[in-house]
Amino acid sequence: LAGTVPEEERCTVERADASLTYSLFLQRFAFSRPVILRGVTDNSAFRDLCTREKLLAAFGPLSVRLSTANTYSYRKVDVPFQEYVEQLLKPQDPARLGSDTLYFFGDNNFTEWGPLFRQYVPPPFRIPGTSPAYSFGVAATGSGVPFHWHGPGYSEVIFGRKRWFLYPPDQTPHFHPNETTLAWLHHTYPMLPPAERPLECTLHPGEVLYFPDRWWHATLNLDTSVFISTFLG
């Protein structure tokens, strides 16, 4: 099932291009709703450094910290990056619990990975009073993070496709905290009345999603994916 998950029938997240101004971003999106941005940055140089071969050559022996793919409690496991890519980067088992699913995202050594992150061009729009922090990830088909929320931020897909599901802060989604996004999509999503469906869209390489503060969101990688988020804290 992990390799056959489709994109949504209709993207319900608004899109904007390079014509979006900072003042319009603050007025329409920054504090109220998500938006998908395209063409606001050029990360072709960063993308060139993120192929499987180049990442393994640069970071293969280094230890990375994996997190479990559940919502409220996270187990951490340290493994060499090469071991993660070659042995653990496999399609998600739909029957596997989030607490038994290891996922590389967010726990990066900024000393060792710093040269890579310095090549990334973040989205140009800032939220007043915040500063950016990067979280880099590599994930397999069918993997993802189940519903959770935190402060505002961006997420850009470098390789692959990533499907997003979002709810506003006052609309808590129906989910089990130890159920993977893939299992939720198969078991819970089809039963939701139209009024209880999330906003959703699939990001393609070069597209950036902005999500406001405290918005619930879950992700599902439709392909083996490389991605980077910019958290505004």
Which residues share a salt bridge (Lys or Arg N to Asp or Glu O under 4.0 Å) with [X], sequence neighbours left out:
X	value
R47	none
R28	E14
R65	D78
R75	none

Main-chain N/O of [Y] paired with [X] side-chain donor or acceptor, under 3.5 Å:
X	Y	value
H148	P146	yes
N70	P177	no
N109	E112	yes
R126	P123	yes
N108	F110	no
T181	T219	yes
N221	S143	yes

Query raised in the report: Cut-off 3.5 Å, side chains only: do E200 and Y189 have a donor facing an acceptor?
Result: yes
Query raised in the report: Knowing that exactly one of F147, W215, W149 qualifies, which makes a ring-ring contact (aromatic ring centres under 6.0 Å, His included) with Y167?
Result: F147
Centre-to-centre under 6.0 Å for [X] and [Y], is that the case here?
X	Y	value
F29	Y210	no
F231	H150	yes
F105	F136	no
W113	F81	yes
W216	F165	no

Requested in this report: Decide side-chain hydrogen bond (donor to acceptor under 3.5 Å, both in side chains) for K76 and S67; before the verdict, give the C-alpha distance in whole Å, the side-chain angles of both, and the deciding distance to 0.1 Å.
Outcome: CA-CA 5 Å; K76 303 289 187 179; S67 302; 2.7 Å; yes
Query raised in the report: Are W164 and K162 close enough, and set up right, to give a side-chain contact (heavy atoms from CB on, under 4.5 Å), and what steps lead you there?
Result: CA-CA 6 Å; W164 282 75; K162 182 185 287 286; 3.2 Å; yes
Requested in this report: Output, in order, the C-alpha distance, side-chain angles, deciding distance and verdict of side-chain contact (heavy atoms from CB on, under 4.5 Å) for Y103 and Q92.
Outcome: CA-CA 10 Å; Y103 190 82; Q92 174 73 47; over 6 Å; no
Query - Criterion side-chain hydrogen bond (donor to acceptor under 3.5 Å, both in side chains) on H204 and E7, from CA distance to verdict - result: CA-CA 11 Å; H204 294 80; E7 296 186 14; 2.9 Å; yes
Might you point out which heavy atoms bring [X] and [Y] nearest each other, and give the distance in Å?
X	Y	value
F211	P34	CA-CB, 4.4 Å
G151	D213	CA-OD1, 3.2 Å
S229	S155	OG-OG, 3.2 Å

Query - side-chain contact (heavy atoms from CB on, under 4.5 Å) between F59 and L116, intermediate numbers included - result: CA-CA 10 Å; F59 306 107; L116 176 66; 3.9 Å; yes
Query - hydrophobic_cluster_shared for Y134 and V121, side chain cutoff 4.5 Å - result: no
Query raised in the report: When hydrophobic residues are tied together by side-chain contacts of less than 4.5 Å, even through go-betweens, does L199 share a cluster with V157?
Result: yes
**Report entry** side-chain contact (heavy atoms from CB on, under 4.5 Å) evaluation trace for T68 with L102
**Finding:** CA-CA 5 Å; T68 49; L102 294 173; 4.1 Å; yes
Query raised in the report: Which pairs count as salt bridge (Lys or Arg N to Asp or Glu O under 4.0 Å) when at least one residue sits in residues 223-233, sequence neighbours excluded?
Result: R161-D223
**Report entry** Set of residues satisfying side chain to side chain donor-acceptor pair (under 3.5 Å) with respect to T111, sequence neighbours excluded
**Finding:** none
